[in-house]
There are 4 protein chains.
Amino acid sequence: MLNRVILIGRLTKDPELRYTPAGVAVTQFSLAVDRNFKDQNGEREADFINIVTWRQLAETCANYLRKGRLTAVEGRIQTRNYDNAEGKRVYVTEVVADNVRFLESNNSGNREGGSNNGGGFTREEGSGGNFSRGTASRGNQDPFSDDGKPIDISDDDLPF
Amino acid sequence: MLNRVILIGRLTKDPELRYTPAGVAVTQFSLAVDRNFKDQNGEREADFINIVTWRQLAETCANYLRKGRLTAVEGRIQTRNYDNAEGKRVYVTEVVADNVRFLESNNSGNREGGSNNGGGFTREEGSGGNFSRGTASRGNQDPFSDDGKPIDISDDDLPF
Amino acid sequence: MLNRVILIGRLTKDPELRYTPAGVAVTQFSLAVDRNFKDQNGEREADFINIVTWRQLAETCANYLRKGRLTAVEGRIQTRNYDNAEGKRVYVTEVVADNVRFLESNNSGNREGGSNNGGGFTREEGSGGNFSRGTASRGNQDPFSDDGKPIDISDDDLPF
Amino acid sequence: MLNRVILIGRLTKDPELRYTPAGVAVTQFSLAVDRNFKDQNGEREADFINIVTWRQLAETCANYLRKGRLTAVEGRIQTRNYDNAEGKRVYVTEVVADNVRFLESNNSGNREGGSNNGGGFTREEGSGGNFSRGTASRGNQDPFSDDGKPIDISDDDLPF
DNA sequence: TTTT
DNA sequence: TTTT
């Protein structure tokens, strides 16, 4: 049907890049999104929302996002469940992102070092996908290039 | 910061209306949102997303939504956690709705009986809120009347 | 950067399907979206929003949407301008849709005749696109299949 | 029905604050939103989208937004029309914002001078609105305080 | 009438 | 140029 989410918040940690057995890149991170209102103690709370990205977008996120960075995420809510070690069913709700925007430059001398002059963005690529797999280095002069959409990866591929 | 969700799906059950100790109405339901793609078996899966509504919107949802109804929901993602009976921390992710749209009329002879000629909607009221509490009956001839962020300014007022 | 629109409203007329000189399908229609508030006379006004769809999505819209149908549209706002016959510059703002959802079935005995059991949808396909061109007949048993995104068509292609 | 827009872009000029005859503040500005794809010449174009804000939000925008600032806007598409000096009907499509987020601090020594440590935001207040009118000075130590749709209910109130 |  |  229709399922659309747009968030702006800050990463609670550096993103984690993994690969499925089939070599597909997956990056996860959590976004702290401050609420627009204060609680009864006058404190502004936040929602901590788990984000998942796939393939090229996963690699770009792993390369350019860092803890604390202000970031915009567009995607859809996904629910899934699995049985944990104790045999109990665990329900997971997360946002599968297909568009991520870096709202702050990487000016600190971290490994990427790049200065992104005013907001990089990246979208999940089309399904025709000759995307690089099995490696986090894109060797692309402009990490914020563009593209389309889709998802042809089964949940069975998930490494988590 | 910014946190916006828009969903269209069908209720998996009738909604559940409760009241807080302070008498505030809360309605919960789950929306099945079909995915736009098929899994590896060619099956179209769905995401099951928990929705929470408060106050007058909660009462309207309890009165007019039913299992299976096609429904649009607008709101924000909320995360919270609590310790369950076994002392384990449970993490919850849900959508707090502030706008719900009934996309199908209640034509079947159920208790509401109302025919909503082409799509009712309802919005959460402002915070000033002298909302009715402690009762599910609104006694309003048109449940799909107004709401929310009105703008009581005529176009004639425009300085441009 | 980021540019996302989601609308639910009713078509003010039947959609219009055209083709660019290069044979690319384009469908336009206008959506009447009722406002959530009433004006100073107690009347509920509407916004009339122009929608454009391309390629396969254009053909599906032309085939299945009709005047008055309740429809959900997801896309982005586009602005463009051109000089009209009198040499005056005209500014256009419209929504380029990449996801359209038919919220009402085609139950009346119109040419499509199809009953869409509870909400069809369709998304713009990926760029790999071997989409049919030059014809409005899709000959597809399921018009509500899925797909990805992109747009590799220049504005010069526009037939309007 | 449903009408939601979310944009991230840069102001093309300083915002313009005006007042209606009744003394209601209105601020207008235009947002340049870069497209996610390049045109046939390999150039990245932008959409130039007109934004309108009302009342307190208008005054905050006038005080804190400046040309070139990266800004997030949430609102709805509005269409209206009027007859111009030559008696020709002019059609206008614009976004009425109810939530604006300043994604860059005002670090340059401009009149506001404020450093907004990581993103200010502001929401349109509820309709109950005893908003200040007829003046642009808010006299508020923190212009990025809260507002909008608060929920004054503690988690302890939850019946589940 | 367009921003970095 | 506007829908139910």
Side-chain angles (χ1 to χ4, degrees), chain A residues 101-105 115-121 142 144, chain B residues 101-105 115-121 142 144 160, chain C residues 1-3 7-16 28-35 43-51 65-73 78-81 83 88-94 102-104 108 160, chain D residues 1-3 7-16 28-35 43-51 65-73 78-81 83 88-94 102-104 108:
Chain A
R101 244 189 123 288
F102 313 140
L103 301 174
E104 291 177 341
S105 54
S115 105
N116 102 36
N117 55 1
F121 71 87
D142 180 10
F144 312 116
Chain B
R101 244 192 123 285
F102 314 141
L103 302 174
E104 290 176 342
S105 54
S115 104
N116 104 34
N117 55 1
F121 72 87
D142 179 9
F144 312 117
F160 45 86
Chain C
M1 310 264 184
L2 194 147
N3 183 337
L7 305 169
I8 298 181
R10 293 183 185 279
L11 272 82
T12 60
K13 294 184 191 163
D14 284 0
E16 286 183 36
Q28 291 188 295
F29 55 92
S30 168
L31 218 57
V33 181
D34 287 340
R35 295 182 183 169
E43 309 250 325
R44 186 176 300 282
E45 295 179 272
D47 296 292
F48 299 96
I49 302 169
N50 291 318
I51 314 290
L65 289 180
R66 286 293 169 272
K67 178 179 175 176
R69 288 277 188 283
L70 191 66
T71 305
V73 163
Q78 176 173 82
T79 59
R80 56 188 174 87
N81 58 75
D83 297 317
K88 262 198 75 176
R89 177 139 295 183
V90 181
Y91 294 88
V92 179
T93 300
E94 61 208 347
F102 313 142
L103 302 174
E104 290 176 342
S108 47
F160 43 87
Chain D
M1 312 259 184
L2 194 146
N3 182 337
L7 305 169
I8 299 181
R10 292 182 185 281
L11 273 82
T12 60
K13 293 184 192 162
D14 283 1
E16 287 184 35
Q28 290 188 295
F29 55 91
S30 168
L31 219 56
V33 181
D34 288 339
R35 294 182 182 168
E43 309 250 326
R44 186 176 300 283
E45 295 179 271
D47 296 292
F48 298 95
I49 302 168
N50 291 318
I51 314 290
L65 289 179
R66 287 293 170 270
K67 177 178 177 177
R69 288 277 188 283
L70 191 66
T71 305
V73 163
Q78 175 173 80
T79 60
R80 56 187 173 87
N81 58 75
D83 297 316
K88 263 197 75 175
R89 177 139 295 183
V90 181
Y91 293 87
V92 178
T93 300
E94 60 208 347
F102 313 141
L103 302 174
E104 291 176 342
S108 47

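Sequence lines set the chain letters: A, B, ... in the order given, protein chains first and strands last, and positions in each chain run from 1. When reading the values below, keep in mind they use all heavy atoms of this one structure, side chains included, and skip hydrogens, waters and symmetry mates. Just so it is clear, the model here is predicted, and its values are computed rather than measured.
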Heavy-atom donor-acceptor pair, C:Asn50 side chain to C:Glu94 backbone, under 3.5 Å: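 No, C:Asn50 side chain to C:Glu94 backbone: no donor-acceptor pair under 3.5 Å.
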Sugar-phosphate, base or nothing in reach of D:Gly9, heavy atoms under 4.0 Å: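 The answer is nothing, as D:Gly9 stays clear of every strand by at least 4.0 Å.
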From the list [options], which nucleotide is the closest neighbour of the side chain of [X]?
X       : options             : answer
C:Arg10 : F:dT2, E:dT2, F:dT4 : F:dT4
D:Arg89 : F:dT1, E:dT2, E:dT4 : F:dT1
C:Asn50 : F:dT1, F:dT3, E:dT4 : F:dT1
C:Tyr91 : F:dT2, E:dT2, E:dT3 : E:dT2
C:Ala32 : F:dT3, F:dT2, E:dT3 : F:dT3
C:Asp34 : F:dT2, E:dT3, F:dT4 : F:dT4

Starting at [atom1] of [X] and ending at [atom2] of [N], how long is that distance when rounded to a whole Å?
X        : N     : atom1 : atom2 : result
D:Asn81  : F:dT2 : CG    : P     : 9 Å
D:Glu45  : E:dT3 : CD    : C1'   : 14 Å
D:Leu65  : E:dT2 : CG    : P     : 20 Å
C:Met1   : E:dT2 : CE    : P     : 17 Å
C:Leu11  : F:dT1 : CG    : P     : 19 Å
D:Glu104 : E:dT3 : CD    : P     : 15 Å
B:Leu103 : F:dT4 : CG    : C1'   : 14 Å
C:Glu43  : F:dT3 : CD    : P     : 14 Å

[X] bridged to [Y] by N-O distance under 4.0 Å:
X        : Y       : result
C:Lys88  : C:Asp83 : no
C:Glu43  : C:Arg35 : no
C:Glu104 : C:Arg10 : yes

Contact check, side chains of C:Val92 and C:Thr79, non-hydrogen atoms, under 4.5 Å: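 Counting from C-beta outward, C:Val92 and C:Thr79 never come under 4.5 Å.
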